[in-house]
Amino acid sequence: MPTIKINDVELSVTPGTLVLDACRTVGIDIPHYCYHPALTPVATCRMCLVEIKGQPKLATSCTTTVPPAPKDNPEAVVMEVFTNTPAVADARAGVMEFLLINHPLDCPICDQAGECKLQDYSYHYGSGDSRMAEVKRRYRYEDLGAKIVIDKNRCIHCTRCVRFTREISGGGELTVASRGSHLEVTTFTGKSLDQNPFAGNVVDLCPVGALTSRDFRFKKRVWYLKSVPSISRHSALGNPIWIDHEGNQIHRFRPRPLEGKETTHFISDEERYAYAQYNRTGAAPLPMLKGVAASGEAIREALQAAGPVAVIGQGTFGCDAAQRLGELAASADLRYGSGDKTISVVLPKYQTSADGILNRRGFTERGFRFGALEELLGKVRGGEVKAVVLLHDAAFTSIKESELLGQILKSAAFSLVLEAEASALGRSATAWLPITNLAEESDFIVNHDGELRRYQKALQAPKGVRTVPAWVKELTAVPAAV
Ligand code: SF4
Ligand code: FES
């Protein structure tokens with residue numbers, strides 16, 4: 001591997017590595033706007049300029065690559081890069097001045113304030129004052145459909161959003177029109193972003209506050225939000241996301257890109273806007289037995305008295321939950337898997353599976369058998385199984401599977417459903433227990449690609465709502481001797 005020097009620090013990198021990425025590996029963060037690891041580099045913003053020994057002009061580190069080592073001297077230093085010279089500092093300050101010529105000073109009302117690259121870089125690399133005496137260019141904000149709003153006054157023309165719709169989502173809804181100071185990002189006539197199932201990503205990609213989400217706009221200042229690493233339950237691979245929350249309410253989901261994993265850069269709008277499902281409203285749900293509120297102890301006694309137990313675990317829950325649930329089964333072959341949601345694949349590169357049961361593998365590894373619910377129905381009807389415990393979320397089960405589950409529960413002498421929100425199926429069971437949702441617990445899954453993905457608790461569950469392992473502990477407790 002060729003050796004390069006960055007500010008006199010030597011390192012070996014693969015030939016073809018971008019200088020910007022090489023700098024990052026030694027802890028030097030090069031300021032940039034137009035560069036994005038998942039998009040074609042275009043070197044339009046000029047913010048990432050660095051000095052390279054032997055080159056007459058500064059170079060854009062987002063498009064300059066490390067050359068291979070000469071064959072006769074593999075140890076030779078092939079490139080010397082400087083990121084902290086007066087020439088580089090001058091260039092950055094100059095670029096910032098140009099970018100701010102037309103940018104309004106509306107940080108106090110801008111949603112991006114607090115996570116804005118223009119703010120951050122202006123503070124670190126800008127000059128601190130403005131020589132701009134002329135009137136700034138003005139546009140009214142525009143809706144790009146129901147989900148996205150554009151404020152062109154703030155746009156710095158990095159074209160990340162345009163490249164996203166062309167290279168990633170493919171609809172090409174956005175384009176750059178006009179030239180010079182009239183340059184503007186707009187949609188082709190008659191097109192909006194409403195038909196784009198990945199449109200929300202343009203908001204994350206925009207390094208300034210030009211593209212904002214109608215759903216989040218003006219709702220929360222970002223510095224009040226706490227970010228907790230989690231996963232999306234609404235993707236086949238359990239895409240990594242940030243849960244941004246405050247006051248025990250989730251305000252948004254954002255992608256949480258993993259280093260070197262290109263499929264984790266973007267999430268679909270279905271995943272993004274699913275956050276609302278995890279905010280509880282109304283009174284805390286109570287354990288129920290035969291239609292009336294009951295204690296966990298009463299449900300335990302009823303379950304323990306019922307006879308041989310079979311469990312059905314929906315493969316959208318975590319592996320800890322699966323492990324503990326499995327312990328309730330009277331024998332290892334009485335663990336059944338459920339869940340049959342499919343995901344419509346529109347970007348095969350990012351959605352590598354259509355199976356919406358994201359932890360099917362984790363459940364299978366813990367002895368749960370999928371596609372065998374008919375067999376269980378036979379065993380229940382034949383009297384071999386007397387009680388059934390179902391771990392369930394109605395959003396991931398088709399009407400057909402729901403009907404089959406309903407027959408199983410109805411045929412059992414005793415049925416218990418564990419759910420975060422009571423469904424029709426849950427209400428039809430003999431007993432029901434309230435469990436934490438994804439945002440209220442920590443656990444992990446093993447996705448369809450065999451990757452282990454963890455998620456952490458972000459919200460406090462209401463009193464009386466417990467995790468599956470906590471309920472199983474209660475249900476298997478040995479009654480105190482009298
Ligand atoms: S709207 Fe945002 S992402 Fe699009 S070109 Fe302008 S600054 Fe870049
Ligand atoms: S990030 Fe290199 S020119 Fe924009």
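Start at 1 and go down the list; that is how both ligands and their atoms are numbered.
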Ionic contact status for Arg272 with Asp204, cut-off 4.0 Å: yes
Look at Lys400 together with Asp340 and state whether they make a salt bridge at an N to O cut-off of under 4.0 Å. no
Check for me: within less than 2.8 Å of atom 6 (Fe) of ligand 1, which protein N/O/S atoms show up? Cys155 SG
Using 4.0 Å as the upper bound for N to carboxylate O, is an ion pair formed by Glu270 and Lys341? yes
Does the pair Phe198 and Phe266 meet the rule for a ring pair (Phe, Tyr, Trp, His ring centres under 6.0 Å), with working shown? CA-CA 8 Å; Phe198 281 74; Phe266 308 111; 8.0 Å; no
Ion pair Glu115/Arg252, N-O distance below 4.0 Å: yes
Within the supplied structure, the quantity of interest is the number of heavy atoms (other residues, nucleotides, ligands) at a distance under 6.0 Å from Tyr123 OH; does it exceed 12? no
For the residue pair Arg233 and Tyr455, would you count it as a cation-pi contact if the rule is NZ or CZ under 6.0 angstrom from the ring centre and within 45 degrees of the ring axis? no
Verify whether the ring centers belonging to Phe396 and His234 lie closer than 6.0 Å. yes
Under 2.8 Å from atom 4 (Fe) of ligand 2, the protein N, O or S atoms, given as residue and atom: Cys34 SG, Cys45 SG
Should the pair Tyr33 and Tyr121 be assigned to parallel (<30°), tilted (30 to 60°) or perpendicular (>60°) ring geometry? perpendicular
